[in-house]
Amino acid sequence: MKKEIFEPYNVSDNNFEQCVKCTICTVYCPVLEVNPDYPGPKQSGPDGERMRLKDPAFYDEALKLCLNCKRCEVACPSGVKIGDIIQSARIKYSKSKPKLRDMILANTDIVGTMASTFAPIVNTAVALKPVRKVMDSVLKIDHHRMFPKYTGLRFETWYRRYAEKKQQEFKKHVSYFHGCYVNYNFPQQGKDLIKVMNAAGYGVHLLEKEKCCGVALISNGLIKQATKQAKHNVEAFKKSIVDKKMPVISTSSTCIFTIRDEYPHLLGVKNEEIRNDSELATRFIFRLIDEGKLNLVFKKNYKKRIAYHTPCHMEKLGWSIYSTSLLKMIPGVELVQLESQCCGIAGTYGFKKENYQTSQEVGKPLFDQIENSKVDFVATDCETCKWQIEMSTSSKVQHPISILAEAIDVEATMKLWQK
Amino acid sequence: MKFDNIIIGGGLSGLTCGIKLAEQGKKCAIVSSGQSAIHFFSGSFDLLGKANGEEVTNPLESMKSLPENHPYKRVGLDKIERLTNDALHLLVRSGLNLNGQADRNHYTLTPMGVMKPTWLTLSDFTSFDQKDSFPWKKAVILNFSGFLDFHTLFIKDGLKKLDVQAQIKTVSMKQFEAIRKNPSEMRSTNIAKEFDKENAIEEFAQKANVLSDGFDVVILPAVFGLFNKTIADKLKEKIEKPVLLLPAIPPSVPGIRTQITLRERFQELGGTYLLGDNVEEGVFENGRLLEIRTNNHGDIKFEADQFILASGSFYSKGIVATHDKLYEPIFGLDIDGDSNREKWFDEKIFNDQAFMHYGVKTDQKFRALMNGEPVENLYVAGSVLGGANPLKEGSGAGISLLTSLHAAEQILK
Ligand SMILES: Cc1cc2nc3c(=O)[nH]c(=O)nc-3n(C[C@H](O)[C@H](O)[C@H](O)COP(=O)(O)OP(=O)(O)OC[C@H]3O[C@@H](n4cnc5c(N)ncnc54)[C@H](O)[C@@H]3O)c2cc1C
Ligand code: SF4
Ligand code: SF4
């Protein structure tokens, strides 16, 4: 007998039907506020989805203006996955081909490998005014942007040379997903992570081979390549988490957010086996302290006034509380919590000439908050927020883990668990 | 993560509990899955507008006639008057400017052009002593061209019944050209964002002054001051005639400002406000709630001495109705409501609907019941409680504020 299959008509994989049209999301969209060409979350998301299901011709290329910050989702009282709906629509319907510029910006690891190999030349070159002018006019990478400097000694190379051997001395172990930024631009961040984790009694290991999480590939429409890298990473994570029982931690909120949530939601790459054990270092350390398994001892002379900025993906994850709780544990820290607002960079978005103005206007309220906060520096968990804030304000930015690394009394902390 | 008190739901009820407890030095967290009903707020906090089908003039007096299971009765009428004062002071300390008193309703003009009784009204809006007289004879109703969420004809018709001659005029502003390009974005909050920047207010006031020549009062949609808290006052200073703001179709600009003001007050008192996170379940032991688990925090426990459930009514999914079931989705608490679906509705939609009275069952101390037994440290406040039809009675904010203060007092005892 033929089994009856119920095939609902016009039902999408996402939950746009949950939308009650309250328009609350539009109040909190940072792009809508400054760029009237963007149709806004409700129109681009659930409303548009209804139309697109009827006829894909309703797809509007203006959806590429979405920063994918997910602030609309955080506000929605009905739990509509607005940001996911918009990104999925771009993946499914967009006909615009990524430009050479987009490929360059998106391939953070390939470009990083080349650039860090020739770091002194590249750094000098991209810092030169004429070069930036050419990048601006030919590649449409805005000339206001300074590229983050490339390092001469990649983090992975440094690790193999100077840190790997020592990690075996610990009883407990974690893997570290460092991400492109730590590897090619800012190895110090990774060194700080190792310092803190070692103090906490954990050896830190690299994954068998990590690939760029792919966030920039996704936002630039290079979906095939992103999916390939996602699958590769999930396998690499499994080797650590499932086979070796080693959780994976990271210092990049965007990488972790992409791996935990965008892989299954946007790329359809399953990650149930690894999701719970893939997290931010700050959350991992907080849990240890919260469960009474770790005590950190801090230096007496560390005194700073610090403002914490909540990156959009931290807002969505709801995890900034781990970073701020850790910072508040440092006796000499006076913490100013900035009102959570988008900085406007959204990864590679703000690098594009056509987005530069929107990007800076979105960030302006945050920049004003920072300038008025009279702090020693800003703390945040996202590297692209760091570039944006350092470019647009007079303030320097540090990662919470780097702050811990500086404030911790390593020997005294180690003594507590060595007893 | 350990707190003294954790509150589930960040609407008017959750924030009231949180502010009260934090003011008393408690370390509090509020977890809220999304923005709340305050985003639809008219600008007036209702205490009791209607009882036994009659319009109420003195809410404190008329409460006596409410049924015994009404939240006000269960809080205790002997406490209500004090709690109304406490509520007013809590809101004022938070930075809201309000007019009104609990023993005498005043009136506000609704966007339908009728006078409605209420308790406390934000100073943006005009409070009237009388329901059947209007202090002005000739009104100009100004709207922005392209703005469809302000129904000027209703207002004009309503005013006619109050013997007021009204004329409708529209104003074009170049500052809104950008948002007008996209008709679905010509909404009050987007207009408010333009005014927030302070570069449209002067020009608008000038236009309003020209257009209101020969009129006694200028009626405008309440689209002033979303994030900017001073702009509504600036507007009134710059317009020479008295200004009467009326709510536009939600989301409500003064409502969102109210939500932000209360949330900031809570955070300034040291409270932790976690938005966009859903409480999924609780761990109970010996009739106590030990910890809650949330979507964002997974295995990291959120522990507290006392918890407050302020998760709202059907709209906010504090209680859920499916085709055959009525339930409280987080803990599966007992529900005060009919299990027979046929009794939920009255076919006449303007009648008092039974389902509007449904909510979580509690004991006398407002502790939640689970399988007939109170959970020792789980209190319930606000619209998730049953026993009233706030829409019909005009009692929404009152129930939220007073039951929240009452629950907080149980904890502080
Ligand atoms: C459209 C509308 C307009 C109204 N206008 C007025 C008015 O003008 N004047 C008046 O006096 N009253 C008004 N009311 C009455 C209103 O119900 C109350 O005034 C009051 O706002 C209710 O507050 P609350 O905090 O109890 O619930 P809500 O405001 O509904 O808040 C509940 C919160 O709990 C959260 N939540 C639910 N489940 C979970 C979970 N599992 N985990 C985490 N968080 C959760 C929700 O996201 C929501 O933010 C109105 C009601 C509605 C629906
Ligand atoms: S906030 Fe959510 S329910 Fe409201 S319009 Fe936006 S998507 Fe729809
Ligand atoms: S993800 Fe961000 S930019 Fe995109 S619609 Fe939502 S709020 Fe706007």
Side-chain angles (χ1 to χ4, degrees), chain A residues 18 20-29 32-44 47-48 60 62 70-80 260 275-277 279 283-284 286-287 289-291 310 314-322 324-325 328 337 339-341 364-365, chain B residues 1-2 10-11 29 31-37 39-40 149 176-185 187-190 192-194 196-197 226-227 249-253 255-256 259-260 263-264 267-268 272-278 294-303 312 315-317:
Chain A
Q18 298 282 320
V20 297
K21 315 280 167 229
C22 67
T23 73
I24 283 179
C25 50
T26 62
V27 181
Y28 298 94
C29 173
L32 198 51
E33 204 159 320
V34 297
N35 190 345
D37 295 332
Y38 181 53
K42 175 170 169 283
Q43 185 74 17
S44 309
D47 287 2
D60 181 351
K70 314 265 192 209
R71 286 183 186 266
C72 48
E73 287 185 16
V74 173
C76 173
S78 306
V80 179
R260 285 173 59 101
R275 187 172 184 272
N276 283 345
D277 286 302
E279 63 180 339
R283 188 178 192 236
F284 186 86
F286 178 85
R287 184 190 292 100
I289 297 173
D290 197 44
E291 291 177 348
T310 307
M314 288 297 267
E315 178 79 20
K316 172 67 185 155
L317 285 164
W319 287 3
S320 60
I321 188 167
Y322 304 125
T324 52
S325 297
K328 283 186 202 157
Q337 176 83 50
E339 178 80 18
S340 178
Q341 282 167 324
K364 175 127 194 329
Chain B
M1 211 167 293
K2 177 90 177 64
V31 187
S32 195
S33 49
Q35 295 291 3
S36 76
H39 279 57
F40 304 94
D149 289 346
F176 303 153
E177 271 165 26
I179 41 178
R180 273 200 73 185
K181 273 202 272 177
N182 188 339
S184 68
E185 297 312 333
R187 305 295 304 258
S188 42
T189 50
N190 288 331
K193 284 178 185 176
E194 285 302 320
D196 272 3
K197 293 178 199 157
L226 185 64
F227 304 120
I249 291 189
S252 143
V253 170
I256 296 172
Q259 166 92 29
I260 294 173
R263 194 249 303 151
E264 285 176 347
Q267 288 174 319
E268 276 159 20
T272 301
Y273 191 84
L274 302 169
L275 183 65
D277 195 6
N278 202 55
T294 79
N295 179 47
N296 286 347
H297 297 290
D299 67 318
I300 292 182
K301 310 173 204 171
F302 274 62
E303 297 167 294
Y315 170 77
S316 294
K317 302 197 175 77

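Below, read A as the first sequence line, B as the second, and so on, with proteins coming before strands; counting in each chain starts at 1.
With hydrogens and angles ignored, the 3.5 Å screen pairs a side-chain donor or acceptor of Arg260(A) with a backbone N or O of Arg275(A). In this structure a side-chain-to-backbone donor-acceptor pair under 3.5 Å is present from Arg283(A) to His297(B). With hydrogens and angles disregarded, a donor-acceptor distance shorter than 3.5 Å links the side chain of Thr324(A) to the backbone of Ile321(A). Counting only distance, with no hydrogens or angles, the side chain of Asn295(B) and the backbone of Asp277(B) share no donor-acceptor pair below 3.5 Å. Here the side chain of Thr23(A) pairs no donor or acceptor atom with the backbone of Thr26(A) at under 3.5 angstrom.
Of the two parts of Leu226(B), only the side chain, counted from C-beta on, holds a non-hydrogen atom closer than 4.5 Å to a non-hydrogen atom of chain A. Interface remark: Cys25(A) contributes no atoms to any contact with chain B (heavy atom separation under 4.5 Å). Neither the backbone nor the side chain of Glu177(B) comes within contact range of chain A; no heavy atoms are under 4.5 Å apart. Within the 4.5 angstrom heavy-atom criterion, no atom of Asn276(A) approaches chain B. Both the backbone and the side chain of Leu275(B) come within contact range of chain A, judged by heavy atoms closer than 4.5 Å. With a 4.5 Å cut-off on non-hydrogen atoms, Gln337(A) does not touch chain B at all. In this structure, chain A has a heavy atom under 4.5 Å from the backbone of Ser33(B), while its side chain stays farther away. Neither the backbone nor the side chain of Thr294(B) comes within less than 4.5 Å of any heavy atom of chain A. Contacts between Tyr38(A) and chain B at a heavy-atom distance below 4.5 Å involve the backbone alone (N, CA, C, O).
Side chains of Arg287(A) and Asp299(B) form a contact here, defined as non-hydrogen atoms less than 4.5 Å apart.
Residues forming a salt bridge (Lys or Arg N to Asp or Glu O under 4.0 Å) with Lys70(A) (at least two apart in sequence, or on another chain): Asp84(A), Glu262(A).
Residues Ser340(A) and Glu315(A) approach most closely at OG-OE1, 2.7 Å, considering heavy atoms.
When Cys76(A), Gly79(A), Pro77(A), Gly40(A) are compared by the number of non-hydrogen pairs under 4.5 Å with chain B, Pro77(A) comes out ahead. Chosen from Cys22(A), Pro365(A), Ser78(A), Ser320(A), the residue pairing most often with chain B at heavy-atom distances under 4.5 Å is Cys22(A).
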